[in-house]
Amino acid sequence: MVLEPPHPKRKAAKTPRRWQLGQIWGGTLKVLGIETSCDETAAAVVTGEREILSSVVLSQLEDHRIYGGVVPEVAARSHIEHLDGLVERALAEAGVGVRDLDGVAATAGPGLIGGVLVGLVMGKAIAAGAGLPFVAVNHLEGHALSARLSHDVPFPYLLLLVTGGHCQLVAATALGKYERLGTTIDDAIGEAFDKSARLLGMRYPGGPEIERAAAQGDAKRFPLPRPMVGRDDCDFSFSGLKTAVRRVVEEHADAEGALPPQTARDIAASFQQAVGDSVVDRVTRAMRRFAAQHPNDRRLVVAGGVAANKALRTRLEQAAAKQRFTVIAPPLSLCTDNAAMIAWAGVERIRAGLLDSLDAPGRARWPLAELASLP
Ligand code: KG4
Ligand code: ZN
């Protein structure tokens, strides 16, 4: 929702809070975004006209790879080391100084709390120092709104949010209003990719590794389970599939635990096919439910790191076409963790007057359903 700026003669004292920001609603609105909730340190400057003036992301992958997953303490220390330099770079690449900004947005959760606090405190300090509006952004809302930065997508839309820690189907009806239609009852989808990749002796993060291997594998060789298919709800489950992968790996591994390379590719392809079948079934059910309430808004937004998977995207597009839904997926650079989506969430919230105070807490857990929204 874009509100018109107030009439110039309107008296400031009688102006509701969300109207006081009228002067900065135009295309000149520039927001700095900061993201530190997992293993990417990121800063970006985005405008109200959906321009990404800069977006710098420093991945800590190499720091965590030897552990096979993200180590919270290592992540937090790395954010501390790099964040100030990244913010300076984001501002320099955008060609703006702190005084040219109209707001600061930092991820306040959910995520690894040590890292979240690093970015949150930095964001608050910049906002306080420059006297700028501050927004404490929910990382999931950042993913949820990323398609509105890359595309012209109005509310309402059906959202499939698939990351390393989350797997949700959500009806996004307005800024801050998200109704959860389904979620995972055990592992998140990215987690299933990561854990299965590990069983196959592949590097972290497992999603891209599995996708690459699957492209040269036989998806029909191993009959793996299709979790939840046919169930009446829109929930997901992936832990049974991961256990089935473990069993197949144990059956085919040599005495040292190594798999013949083609067997590993065939397991990867069979796994990806099973995940796809399950996701398509769940999303189809959610599309039917969503369309029953919003028959003229058949939009499916796919967001989060797992949305980078091209095979999965293609299958979702086919399933959506059958339900007469259009799939909208942000470009890969906006799918995986980045600060442009956080800055954009800041733009949307500042425009709506949904600002946060400088004592906004960092949160390890913060469901989308608990977000602040306009009444
Ligand atoms: O959204 P994201 O960057 O971070 C979180 O907020 O979790 O998602 C990372 C997850 C990882 O689990 C990674 O394995 C998965 O996204 N991922 C993929 C692909 N690229 C990244 N999963 C499947 N196929 C991919 N191509
Ligand atoms: Zn994420």
Side-chain angles (χ1 to χ4, degrees), residues 33-42 44 55 57-61 64-65 67-70 72 75 106-112 115-116 119 137-147 159-168 170 183-184 187-200 202-215 217 236 238 241-242 245 268-269 271-276 278-279 301-316 329-342 344-345 364-368:
I34 292 173
E35 160 60 38
T36 56
S37 66
C38 192
D39 59 343
E40 262 93 25
T41 318
S55 179
V57 182
L58 181 76
S59 169
Q60 303 175 4
L61 264 186
H64 299 282
R65 203 160 244 161
Y67 305 105
V70 180
T107 299
L112 303 171
V116 165
V137 175
N138 178 300
H139 178 84
L140 303 176
E141 185 176 53
H143 278 301
L145 298 176
S146 61
L159 168 72
L160 172 66
L161 180 59
V162 280
T163 76
H166 300 271
C167 184
Q168 299 185 7
V170 171
T183 187
T184 180
D187 292 348
I189 184 166
E191 202 178 350
F193 270 95
D194 294 337
K195 287 180 177 171
S196 298
R198 201 171 178 185
L199 291 169
L200 293 170
M202 294 169 183
R203 300 196 307 175
Y204 173 84
E209 297 283 316
I210 290 208
E211 183 172 19
R212 215 169 299 129
F236 299 85
F238 294 107
L241 180 55
K242 178 195 63 198
V245 167
F271 167 82
Q272 191 169 270
Q273 184 71 24
V275 169
S278 177
V279 170
V301 166
V302 185
V306 182
N309 189 299
K310 291 195 195 73
L312 198 59
R313 275 198 196 197
T314 305
R315 297 203 55 194
L316 283 169
L332 297 191
S333 57
L334 286 179
C335 275
T336 46
D337 285 350
N338 65 89
M341 70 180 189
I342 304 303
W344 175 252
R365 211 189 139 272
W366 188 6
L368 272 178

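Sequence positions, counted from 1, serve as the residue numbers for this chain. Just so you know, ligand 1 is whichever comes first in the structure, and atom 1 is the first atom listed for that ligand.
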Exercise for review: Answer yes or no: is there a donor N or O on one side and an acceptor on the other, between the side chain of S278 and the main chain of A274, under 3.5 Å?
Suggested key: no
**Study point:** Atoms of ligand 1, numbered as shown, that sit under 4.0 Å from any heavy atom of E211
**Key:** 25 (C), 26 (N)
Point to revise | Verdict with reasoning, L161 to V170, per side chain to side chain contact (heavy atoms under 4.5 Å, CB included) | key: CA-CA 8 Å; L161 180 59; V170 171; 5.6 Å; no
Exercise for review: Can you list, by chain and residue number, the protein N, O or S atoms under 2.8 Å from the Zn ion (ligand 2)?
Suggested key: H139 NE2, H143 NE2, D337 OD1
Practice item. Give a yes-or-no answer on whether the side chains of E35 and T107 include a donor-acceptor pair shorter than 3.5 Å. Key: yes
Point to revise | Which residues share a side-chain contact (heavy atoms from CB on, under 4.5 Å) with L334, sequence neighbours left out | key: I52, L149, S150, P330, P331, N338, A340
Review point. Heavy-atom distance to atom 2 (P) of ligand 1: which of V162, N338, D337, L140 wins?
Key: D337
Review point. Any idea which atoms of ligand 1 are less than 4.0 Å away from a heavy-atom of G190?
Key: 12 (O)
Check your understanding: H143 heavy atoms, cut-off 4.0 Å: which ligand 1 atoms fall inside?
Key -> 1 (O), 6 (O)
Check your understanding: Hey, which atoms in ligand 1 end up nearer than 4.0 Å to a heavy atom of H139?
Key -> 6 (O)
Practice item. Working to the nearest 0.5 Å, report the span between CD of Q168 and NE2 of H143. Key: 11.0 Å
Practice item. Run the numbers for me: atoms of ligand 1, each under 4.0 Å from some heavy atom of T163, listed by number. Key: 1 (O), 5 (C), 6 (O), 7 (O), 8 (O)
Exercise for review: Hey, could you give me the CE/CG distance between M202 and D194, rounded to the nearest 0.5 Å?
Suggested key: 12.0 Å
Practice item. Please identify each residue that fulfils side-chain contact (heavy atoms from CB on, under 4.5 Å) with K242, with sequence neighbours left out. Key: D187, K195, S196, L199, S239
Revision key, fill the gap. The atoms of ligand 1 lying under 4.0 Å from a heavy atom of G164, numbered in the order shown, are 5 (C), 7 (O), 8 (O), 9 (C), 10 (C), 12 (O)
Check your understanding: Between G207 and ligand 1, does any nitrogen or oxygen pair lie at a separation below 3.5 Å?
Key -> yes
**Study point:** Residues which pass side-chain contact (heavy atoms from CB on, under 4.5 Å) with A308, listed by chain and number, not counting sequence neighbours
**Key:** L332
Review point. Side chain, backbone, both or neither: which part of D194 comes within less than 4.0 Å of ligand 1 when only heavy atoms are counted?
Key: side chain
Practice item. Evaluate the ring planes of F236 and F238, with Trp represented by its six-membered ring, and classify them as parallel (under 30°), tilted (30 to 60°) or perpendicular (over 60°). Key: parallel
**Study point:** From D337 atom CG to D39 atom CG, the distance as rounded to the nearest 0.5 Å
**Key:** 7.5 Å
Check your understanding: Purely on distance, is any nitrogen or oxygen of G305 under 3.5 Å from one on ligand 1?
Key -> yes
Exercise for review: For P208 and ligand 1, answer yes if some heavy atom of the residue is under 4.0 Å from a ligand atom, otherwise no.
Suggested key: yes
**Study point:** S59 side chain vs E40 backbone, donor-acceptor pair below 3.5 Å
**Key:** no
Exercise for review: Quickly, which of I189, V279, V301 forms a side chain to side chain contact (heavy atoms under 4.5 Å, CB included) with L160? Name it, please.
Suggested key: V279
Point to revise | Shortest protein contact, atom 15 (C) of ligand 1 (heavy atom only) | key: V306 CG2, 3.9 Å
**Study point:** Structural part of E40 in contact with ligand 1, heavy atom criterion under 4.0 angstrom
**Key:** neither
Study note, to complete from the structure: Within 4.0 Å of some non-hydrogen atom of G165, the atoms of ligand 1 are 7 (O)
Revision key, fill the gap. OG of S55 to CE of M341, rounded to nearest 0.5 Å, is 10.0 Å
Check your understanding: Which residue and non-hydrogen atom of the protein lie closest to atom 24 (N) of ligand 1, and at what distance in Å?
Key -> N309 ND2, 3.0 Å
